[in-house]
A.B. asks: 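Structure below; questions to follow.
The model shown is predicted, which means the values in this text are computed figures rather than measured ones. Count residues from 1 along the sequence.
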Amino acid sequence: MPDSNTTLVEELSNGVPGAAHGVGIASPALQEALKLVPADFAKRHSFLPVSVENGVLAVATRTPLDPAVVEDLRLMTGLEVSERSLGSTDIEDGIAERYQITVERMIGDLGPDGTAGTEGKNLHDIEVMANEPTVVNLVNVVIATALRERASDIHLIPFESAVQLRYRIDGLLQEKQPPPKPLHAAIVSRIKIMAEMNIAERFLPQDGHIQINNRGARVDIRVGTLPTIHGESVVMRLLEKDTRMHRPQDLGLDPERATLLRHLTEKPHGLFLATGPTGSGKTTTLYAILQASYTTTKKIITIEDPVEYELHGVAQIPVKPGRGFSFATGLRAILRQDPNVVMVGEIRDAETAEIAIRAALTGHQVLSTLHTNDAAGAVTRLVDMGIEPFLVASSLDGVLAQRLVRRLCPACRRVTAPSAAVREKFPIPEGEYWTATGCDECRGIGYRGRVGIFELLEIIPDLRELILQRRSSAELKARVRGKMTTLFDDGIRKAGAGVTSLEEIVRVCSGDDTE
């Protein structure tokens, strides 16, 4: 099996005939192999053509090919066959990449007008079209390509004469080749059928759920539709359930603050909050905290909307607003189950906030999330909800504010000097920084993956006194200035270490207090 840090090209270059000439997409040896072996034959028998050299066709396989398949290859190509072992995931990725089994190719094969289209057709006709192989395969390829490119969301938005298809990759939307406009209604209907939604309802928002297997891993897809003047807009959020849970240190916390975080979240009682905008990784951080603190002596219960990942040893409960099962009602029921630790997916209203705080004051460790721009803002947000300051001061132990920034691709990052415009706008210390350039490994983007930047606020006695006095978040931050690493400070450190770029920090933190 290849090492996890070794690229497919590096693996194939190690002892495979023809590798000396390169096995990249543009390699003549590879192009010759791809011409000789049809894509469906390679996919059906799970092997990857690598090169042709000196009368030998080199192929990569997970297990040795059946002798009958080898003989078919000899007859098909007129060449001898040399086999090399490679991981099954790499073979699937390689087939898709090298034969370009992508959305772009499939849409290109359809032509600008797609098939017959859905304009003027009734609901029955559209449903029939939604089950046609062309539409079924197109939707499957859209989802498979998104998973292969590590997208978190798929956006399909109709306009008057076109459809926009975009993937959210590492937090930013990237536009892809769109499907033909005449196929839009059939594609939406196909997605609705998969998500067990009402395909007859096209004028009200709907939510649905799809569950698929992707190379042995379970993937949950949350589907949301929204009616627009040109048809239904669809967003699909992709959640890989078998993704490995991280430790707080893996998320980007330095050892000192990881130790403080563990101290704040392993107390026998109290409230701890993770804050930040939507999509900033708050729930992932709380999962990491729960996973790190789990022991058989603790009973941990979560209430979430929805349950994003399954945690070993943790009882996880999804809210169902349509049936009257909200965070507040669920939290009341949870407290009768004798838990040690409770995680509330999000504090959205005063009722949930008050129950969570009273639970923290009566012997439970409570973790939750809140939408605020910084750590100190969580205090004023709770007070604005109508929670008495003495309750906040008595229960709140700490707040972790966070953002996600893109990681620089280690293969193509380079050292750069900050521009005069950036230095004029932000207080950036002297030093060496890095920037993105783009290469084959990162698909020319310059970034691959994301990492968190954090601001951890411990509610010390001085801050509790300010909370009782209803002081502003600015005054709370001023009291701990110099003692707390802010989001911007953490970002600058990571930019100086080559983890991310100054451009990313400016993009993510430009609206925050950077003094």
Side-chain angles (χ1 to χ4, degrees), residues 248 253-277 280 282 285-286 289 293 341-344 346-347 350 352-403 427 452-493 509 511-515:
L253 266 174
D254 54 87
E256 182 181 349
R257 289 189 296 167
T259 300
L260 176 58
L261 177 66
R262 187 165 61 249
H263 166 71
L264 293 174
T265 56
E266 290 186 352
K267 293 184 176 183
H269 55 81
L271 175 65
F272 182 86
L273 296 174
T275 73
S280 60
K282 301 184 295 296
T285 297
L286 293 188
I289 292 169
S293 64
V341 181
V342 177
M343 186 191 109
V344 183
E346 184 182 343
I347 292 179
T352 306
E354 186 165 350
I355 299 169
I357 285 174
R358 294 196 181 278
L361 291 172
T362 55
H364 303 87
Q365 176 68 44
V366 180
L367 311 177
S368 191
T369 70
L370 202 60
H371 286 153
T372 64
N373 290 327
D374 57 21
V379 174
T380 52
R381 177 82 178 99
L382 289 172
V383 174
D384 288 344
M385 281 183 172
I387 307 301
E388 290 294 335
F390 78 89
L391 290 175
V392 177
S394 303
S395 62
L396 188 62
D397 288 327
V399 184
L400 183 73
Q402 65 183 79
R403 301 285 191 279
I453 57 174
F454 300 93
E455 177 178 287
L456 181 56
L457 176 67
E458 180 182 10
I459 307 299
I460 57 177
D462 284 359
L463 293 181
R464 295 190 195 279
E465 186 62 34
L466 292 180
I467 294 171
L468 288 171
Q469 298 171 16
R470 294 180 178 265
R471 298 296 182 88
S472 68
S473 60
E475 291 176 281
L476 297 178
K477 289 188 77 169
R479 181 61 62 93
V480 295
R481 189 159 306 218
K483 301 177 184 177
M484 178 184 72
T485 301
T486 66
L487 287 165
F488 186 74
D489 293 337
D490 193 28
I492 291 298
R493 288 181 186 178
C509 295
D512 299 321
D513 178 15
T514 56
E515 290 299 322

A.B. asks: To the nearest 0.5 Å, how far apart are CG in Leu370 and CG in Leu271?
C.D. replies: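 Going from CG on Leu370 over to CG on Leu271, the span is 9.0 Å.
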
A.B. asks: Looking at Gln402 and Ser280, would you say the former's side chain and the latter's main chain have a donor-acceptor pair under 3.5 Å?
C.D. replies: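 At least one qualifying donor-acceptor pair exists.
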
A.B. asks: Apply side chain to side chain contact (heavy atoms under 4.5 Å, CB included) to the pair Val379 and Leu463, showing each step before the final yes or no.
C.D. replies: CA-CA 10 Å; Val379 174; Leu463 293 181; over 6 Å; no

A.B. asks: Could you check whether any side-chain heavy atom of Thr485 comes within less than 4.5 Å of a side-chain heavy atom of Glu256, counting everything from C-beta outward?
C.D. replies: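 Sidechains of Glu256 and Thr485: no contact.
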
A.B. asks: Which value, rounded to the nearest 0.5 Å, describes the distance between Leu367 atom CG and Met343 atom CE?
C.D. replies: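 Going from CG on Leu367 over to CE on Met343, the span is 7.5 Å.
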
A.B. asks: Would the distance check show the side chain of Glu455 and the main-chain N or O of Leu487 forming a donor-acceptor pair, the cut-off being under 3.5 Å?
C.D. replies: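 Answer holds: yes.
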
A.B. asks: Return yes when atom CZ of Arg358 has more than 12 non-hydrogen atoms of other residues, nucleotides or ligands closer than 6.0 Å, and no otherwise.
C.D. replies: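 Check fails, neighbour count at 12 or below.
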
A.B. asks: Do Leu400 and Leu264 come close enough that some side-chain heavy atom pair is under 4.5 Å?
C.D. replies: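 Sidechains of Leu264 and Leu400: no contact.
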
A.B. asks: Which atoms form the tightest heavy-atom contact between Ile387 and Ala350, and what is the distance?
C.D. replies: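 Distance-wise, the nearest heavy atoms are CD1-O, 3.9 Å.
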
A.B. asks: Between Ala401 and Ala375, which heavy-atom pair has the shortest distance, and what is it?
C.D. replies: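 What the structure gives for the nearest pair is CB-N, 3.5 Å.
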
A.B. asks: Just so I know, are the side chains of Thr275 and Arg381 near enough to count as touching, which here means a heavy-atom distance under 4.5 Å?
C.D. replies: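 Side chain of Thr275 against side chain of Arg381, heavy atoms only: no contact under 4.5 Å found.
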
A.B. asks: Would you give the length of the straight line joining atom OG1 of Thr486 to atom CG of Leu456, rounded to the nearest 0.5 angstrom?
C.D. replies: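 Rounded to the nearest 0.5 Å, the OG1-CG separation comes out at 12.5 Å.
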
A.B. asks: Show your working on side chain to side chain contact (heavy atoms under 4.5 Å, CB included) between Leu273 and Leu382 and close with a plain yes or no.
C.D. replies: CA-CA 11 Å; Leu273 296 174; Leu382 289 172; 4.0 Å; yes

A.B. asks: Of all the heavy-atom pairs spanning Ala378 and Val399, show the shortest one and how long it is.
C.D. replies: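 That would be CB-CG1, 3.9 Å.
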
A.B. asks: If you measure from CD on Gln365 to CD on Glu266, what distance do you get to the nearest 0.5 Å?
C.D. replies: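 Going from the CD atom of Gln365 to the CD atom of Glu266 covers 9.0 Å.
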
A.B. asks: Can you find a pair of side-chain heavy atoms, one from His371 and one from Lys282, that are under 4.5 Å apart?
C.D. replies: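 Yes, their side chains come closer than 4.5 Å.
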
A.B. asks: Donor-acceptor check, side chain of Thr380 to backbone of Gly377, threshold 3.5 angstrom: yes or no?
C.D. replies: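 Yes; at least one donor-acceptor contact below 3.5 Å.
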
A.B. asks: For side chain to side chain contact (heavy atoms under 4.5 Å, CB included), just list the numbers for Arg479 and Glu465, CA-CA rounded to whole Å, side-chain angles, deciding distance to a tenth of an Å, and then say yes or no.
C.D. replies: CA-CA 11 Å; Arg479 181 61 62 93; Glu465 186 62 34; over 6 Å; no

A.B. asks: Let me confirm one number: the OG-NZ distance from Ser293 to Lys267, rounded to the nearest 0.5 Å.
C.D. replies: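 Output value for this atom pair is 14.5 Å.
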
A.B. asks: Heavy-atom distance under 4.5 Å between the side chains of Leu261 and Phe454, does that happen here?
C.D. replies: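 Result no, sub-4.5 Å side-chain heavy-atom pair not found.
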
A.B. asks: What closest approach, in Å, do Leu260 and Glu458 show between heavy atoms, and which atom pair accounts for it?
C.D. replies: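 Scanning both residues, the minimum pair turns out to be CD1-OE1, 3.7 Å.
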
A.B. asks: What are the two closest heavy atoms between Glu346 and Thr352, and how far apart are they?
C.D. replies: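 Scanning both residues, the minimum pair turns out to be O-CG2, 4.3 Å.
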
A.B. asks: Measuring only between side-chain heavy atoms, which start at C-beta, is Leu361 closer than 4.5 Å to Ile357?
C.D. replies: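 In contact.
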
A.B. asks: Do the side chains of Ile467 and Ile459 get nearer than 4.5 Å, heavy atoms only?
C.D. replies: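 Ile459 reaches Ile467 side chain to side chain.
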
A.B. asks: Are Ile453 and Cys509 side-chain neighbours, meaning at least one heavy-atom pair lies under 4.5 Å?
C.D. replies: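 Contact flag for Ile453/Cys509 side chains = yes.
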
A.B. asks: CZ/Arg257 to CE/Met484 distance, rounded to the nearest 0.5 angstrom?
C.D. replies: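 Going from the CZ atom of Arg257 to the CE atom of Met484 covers 9.5 Å.
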
A.B. asks: In plain terms, say whether Asp397 and Arg464 are close enough for a salt bridge, that is, a side-chain N and a carboxylate O under 4.0 Å apart.
C.D. replies: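 Result for this pair is yes, salt bridge flagged.
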
